[in-house]
Amino acid sequence: MKKFDKNQKIPTFIEGDSFAILKTLNDKSIDCVITSPPYFREREKNKHFNLNQTLDSYIENILLISREIKRVLKDEGSFWLNLGDSYQKTSLQLIPTKIASKLIEDGWILNNDVIWKKTSYTPTSYKKRLSSSFEHFFHFVKTNEFYYNLIALDAKKRRPNISDGVIKTSSNVTGVNYLKILSDSSILSPIQKGNAIKTLKECLDEVKDGKISDFRFLIKGHNKVNSGNRKEELENNGFIVIKSKYNKPSDVWEILPEKNSIHYAPFPESLVSFPIIVTCPPKGIVLDPFVGSGTTCYVAMKNNRNSIGIDINKDFIKYAKRRCFKED
Ligand SMILES: C[S@@+](CC[C@H](N)C(=O)[O-])C[C@H]1O[C@@H](n2cnc3c(N)ncnc32)[C@H](O)[C@@H]1O
């Protein structure tokens with residue numbers, strides 16, 4: 001067995017039907033829910049998810065579980081819902097979009113529709129169809145006062161991104177294009193050009209030192225600012241620099257699907273680490289009501305968060321426990 005230090009947060013795994021187990025949890029007791037329910041008509045054999053269900057009853061079940069999730073979630077909590085689409089006969093059903101719309105109608109706020117772009121996928125066997133390579137990862141919240149700590153992510157991620165001696169910002173800006181625009185400019189005075197190029201070098205140094213993660217230049221004659229102080233600043237100085245201290249990741253996440261698991265659809269660890277680090281406070285509790293191989297709880301444990309994982313399949317619960325509690 002793994003030896004835990006006294007501060008280690010050990011996951012709680014519960015075998016059973018989420019619809020029943022969730023009812024035993026207290027109101028507003030959970031900080032963050034991350035889950036991926038069974039796909040429509042896939043592999044599951046239980047009352048709520050089975051091969052005979054209609055699309056309407058599938059959507060209704062997700063709606064029912066999301067209401068329980070809302071009840072157990074704190075007001076500042078987050079609900080991350082991973083859903084993939086599927087074909088019926090020859091048409092995609094837009095299942096994730098239909099469910100997200102229902103949840104919005106039901107009072108949830110949709111903060112982001114993250115696209116998980118799978119960097120490896122199975123090519124389709126259909127001649128007239130592209131291979132499917134993405135899933136949605138919706139970020140729902142109950143109120144606009146939700147917990148969101150990008151600084152926590154930064155502490156882990158804000159290291160200088162240097163490849164072949166070239167410094168890159170978090171959105172891959174190297175400064176080369178800006179330098180060319182500034183050098184070629186026939187509008188900026190020599191003093192404005194000199195100041196802009198000096199500022200550009202300082203920005204790259206700040207990225208290198210981890211003081212900022214990104215920056216943008218607005219350059220007179222190249223960019224337009226229609227009104228306000230910035231318009232005046234651009235006119236007078238010939239350029240404006242906008243710095244961003246924190247990483248602002250985009251809503252498309254390129255992540256390799258997990259292959260090493262007994263489970264048929266495991267989360268990759270890096271898919272759930274952002275939600276855990278950014279939307280669950282350090283002493284908070286993460287819940288996954290369809291925990292499968294236990295990835296959510298495993299990553300919560302690695303990031304020292306408490307967690308609860310529920311699954312109806314006893315073999316998955318056994319596997320999840322082994323994964324978390326055995327010496328690695
Ligand atoms: C898509 S998988 C989740 C995989 C998980 N994200 C992981 O990292 O392994 C859905 C899971 O829901 C479980 N499940 C299906 N119906 C359930 C129910 N009524 N209550 C609890 N779990 C259920 C299945 O056993 C399956 O492991």
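Values in this document were obtained by computation on a predicted structure and should not be read as measured data. The first residue of the sequence shown is numbered 1, and numbering continues consecutively from there. Order of listing sets the numbers, starting from 1, for every ligand and every atom in it.
Within the structure, the closest approach of P37 to ligand 1 falls below 4.0 Å when heavy atoms are considered. Judged by the shortest distance from any of its heavy atoms, Y264 lies inside the 4.0 Å radius around the atoms of ligand 1.
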* Residues S307, T296; criterion side-chain contact (heavy atoms from CB on, under 4.5 Å); working and verdict -> CA-CA 8 Å; S307 63; T296 303; over 6 Å; no

* Full working for ring pair (Phe, Tyr, Trp, His ring centres under 6.0 Å) between F49 and F290 -> CA-CA 12 Å; F49 297 104; F290 302 99; 5.7 Å; yes

* Are E235 and K231 close enough, and set up right, to give a salt bridge (charged side-chain N to carboxylate O under 4.0 Å, His left out), and what steps lead you there? -> CA-CA 6 Å; E235 199 48 48; K231 185 176 181 201; over 6 Å; no

* To do: Check the pair K102, S66 against side-chain hydrogen bond (donor to acceptor under 3.5 Å, both in side chains), reporting the backbone distance first and the verdict last.
  => CA-CA 10 Å; K102 285 266 182 202; S66 79; over 6 Å; no

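Aromatic ring orientation, W80 versus F274: perpendicular (interplanar angle above 60°, classes split at 30° and 60°). Relative ring orientation between H263 and F316 is described as tilted, the plane-to-plane angle lying within the 30° to 60° band.
At a 3.5 angstrom cut-off on N or O pairs, I312 counts as close to ligand 1. Considering backbone and side-chain atoms alike, H263 places an N or O below 3.5 Å from some N or O of ligand 1. For ligand 1, the polar-atom distance check finds an N/O of F267 within less than 3.5 Å of one of the ligand's N/O atoms. Ligand 1 has no N or O atom lying under 3.5 Å from any N or O atom of N313, backbone or side chain. Remark: ligand 1 and T295 share an N or O pair separated by less than 3.5 Å (distance only, no angle test).
Numbered from 1 in the order shown, with element, the atoms of ligand 1 that lie under 4.0 Å from a heavy atom of G292 read 9 (O), 27 (O). Below 4.0 Å from some heavy atom of P266 lie the following atoms of ligand 1, by number and element: 7 (C), 8 (O), 9 (O). Numbered from 1 in the order shown, with element, the atoms of ligand 1 that lie under 4.0 Å from a heavy atom of P289 read 21 (C), 22 (N). Close contacts of ligand 1 with D17, meaning ligand atoms under 4.0 Å from a residue heavy atom, involve 18 (C), 19 (N), 20 (N).
Counting only non-hydrogen atoms, the option in I317, D311, I65 that gets closest to atom 24 (C) of ligand 1 is D311. Heavy-atom proximity to atom 9 (O) of ligand 1, evaluated over G16, G84, S293, is greatest for S293.
The 12-atom threshold is exceeded at NZ of K193, counting heavy atoms of other residues, nucleotides or ligands nearer than 6.0 Å.
Contact annotation for F316 and ligand 1: only side-chain heavy atoms (C-beta onward) come within less than 4.0 Å of the ligand. Residue contacts with ligand 1, taken as heavy atom pairs separated by less than 4.0 Å, involve F49 solely via side-chain atoms from C-beta onward. Residue contacts with ligand 1, taken as heavy atom pairs separated by less than 4.0 Å, involve V291 solely via the backbone atoms N, CA, C and O.
The aromatic ring centroids of F146 and H139 lie less than 6.0 Å from each other.
For the 3.5 Å distance criterion, the side chains of S293 and T295 qualify, holding a donor opposite an acceptor. For R216 and S171, the side-chain atoms include at least one donor-acceptor pair closer than 3.5 Å.
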